[in-house]
Amino acid sequence: LTNIIFHISVMMIRVTQNMAISKHKTPIYSLIRSKISNSFDYIWNIVIHPQTSAVFAATYGGIFRSTDGGTTWRSVLGRGQPPFSTSTDVAIASDGSVYATLSRNGGNFPEYGIHRSTDGGNQWSNITPAALVADPYRMVVGIAPSDPNTVYLLVQANGKGETAQDHQFFRYNAGTN
């Protein structure tokens, strides 16, 4: 039985595996001196790839990936210059497909929507639904645990989010697309 322990701070991240931690032992965290850019001012989500153990972080500005346990990071999706996507999200299906969202939130740039990678984040396909609002404020993605092909996208269309009309909800079937 393996427990995966996540320790996250603004400037460090580390995944540590410990074998069968008992109730009487204190979990062990390792602090990693990471080379992280200013894009880690806000971290919305962190996920681990089930086959490669790559770490993906949804940050202010885009999606970053570490292939060495958090020591170094590389931007794999998003803009490298302002205006940045202020709200991002990332999720990984059990088959290893990576899904990521980039909000537009008033920025006039084309790199927004939902994207899919089937090669661990090296190449991305834009799978944004045609009915998505033109300037999404925030988007979050979720994958059905029972079916890696079923992906849900919840969109807050504006900064208010007060009514049902301020939101959109989509289902994507990767098996038929």
Side-chain angles (χ1 to χ4, degrees), residues 6 8 13 36-67 73-177:
F6 299 97
I8 304 166
I13 177 172
I36 298 176
S37 72
N38 289 341
S39 291
F40 274 65
D41 285 345
Y42 298 101
I43 301 171
W44 303 111
N45 195 10
I46 292 181
V47 294
I48 313 301
H49 196 283
Q51 286 88 25
T52 67
S53 297
V55 183
F56 288 83
T59 72
Y60 176 89
I63 307 301
F64 284 75
R65 178 184 64 198
S66 175
T67 58
W73 294 86
R74 181 174 158 264
S75 175
V76 293
L77 185 65
R79 296 177 58 82
Q81 62 194 29
F84 295 110
S85 180
T86 57
S87 297
T88 62
D89 195 21
V90 63
I92 301 178
S94 60
D95 68 358
S97 296
V98 184
Y99 294 88
T101 66
L102 301 172
S103 68
R104 199 172 207 182
N105 194 12
N108 189 16
F109 52 87
E111 303 92 346
Y112 75 98
I114 182 168
H115 305 267
R116 177 179 186 222
S117 174
T118 57
D119 64 359
N122 293 312
Q123 296 180 352
W124 296 85
S125 299
N126 189 328
I127 59 167
T128 302
L132 181 71
V133 296
D135 191 15
Y137 182 79
R138 174 118 171 91
M139 296 181 284
V140 292
V141 61
I143 302 164
S146 59
D147 181 4
N149 288 320
T150 302
V151 180
Y152 293 93
L153 176 66
L154 180 60
V155 180
Q156 183 178 341
N158 58 47
K160 294 180 181 180
E162 297 171 347
T163 68
Q165 291 78 18
D166 295 338
H167 297 87
Q168 292 179 302
F169 192 54
F170 297 95
R171 181 176 54 220
Y172 174 79
N173 185 329
T176 60
N177 289 301

Below 4.5 Å, heavy atoms only, C-beta onward: do [X] and [Y] meet side chain to side chain?
X    : Y    : result
S97  : I92  : no
T101 : L153 : yes
F170 : L132 : yes

Can you pull out every salt bridge (charged side-chain N to carboxylate O under 4.0 Å, His left out) where at least one residue sits in [range]? Sequence neighbours excluded, please.
range            : value
residues 161-177 : none
residues 80-105  : none
residues 116-141 : none

Ignoring hydrogens and geometry, is there a side-chain-to-backbone donor-acceptor pair from [X] to [Y] under 3.5 Å?
X    : Y    : result
W44  : T86  : yes
N45  : V90  : yes
S85  : G61  : no
S117 : Q123 : yes
Q168 : A131 : yes
T176 : N173 : yes

Derivation and outcome, side chain to side chain contact (heavy atoms under 4.5 Å, CB included), residues I143 and T150: CA-CA 6 Å; I143 302 164; T150 302; over 6 Å; no

Can you list the steps and then say if H49 with F56 is a side chain to side chain contact (heavy atoms under 4.5 Å, CB included)? CA-CA 8 Å; H49 196 283; F56 288 83; 4.2 Å; yes

Considering only residues two or more places apart or on different chains, which pairs with a residue in residues 122-148 satisfy ring pair (Phe, Tyr, Trp, His ring centres under 6.0 Å)? none

Not counting sequence neighbours, list each pair that qualifies as a ring pair (Phe, Tyr, Trp, His ring centres under 6.0 Å) and has a residue in residues 138-167.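 Ring pair (Phe, Tyr, Trp, His ring centres under 6.0 Å) check on residues 138-167 returns Y152-F169.
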
Closest heavy-atom contact between [X] and [Y]?
X    : Y    : value
F64  : S75  : CD2-N, 3.6 Å
L77  : A100 : CD2-CB, 3.7 Å
A91  : V47  : CA-CG1, 4.3 Å
V133 : Y112 : O-CE1, 4.3 Å
P50  : S94  : CG-O, 4.1 Å

Which distance, rounded to the nearest 0.5 Å, do you find between the OG of S66 and the CZ of R74?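 One gets 11.5 Å once the value is rounded to the nearest 0.5 Å.
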
I need the W73 CH2 to T59 OG1 distance, nearest 0.5 Å. 9.5 Å

My understanding is that only one of V155, T88, T128 makes a side chain to side chain contact (heavy atoms under 4.5 Å, CB included) with M139; could you say which?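 One option only clears the test, and that one is V155.
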
Can you name the residues that form a side-chain hydrogen bond (donor to acceptor under 3.5 Å, both in side chains) with N122, not counting sequence neighbours?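 Result, side-chain hydrogen bond (donor to acceptor under 3.5 Å, both in side chains) vs N122: R65.
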
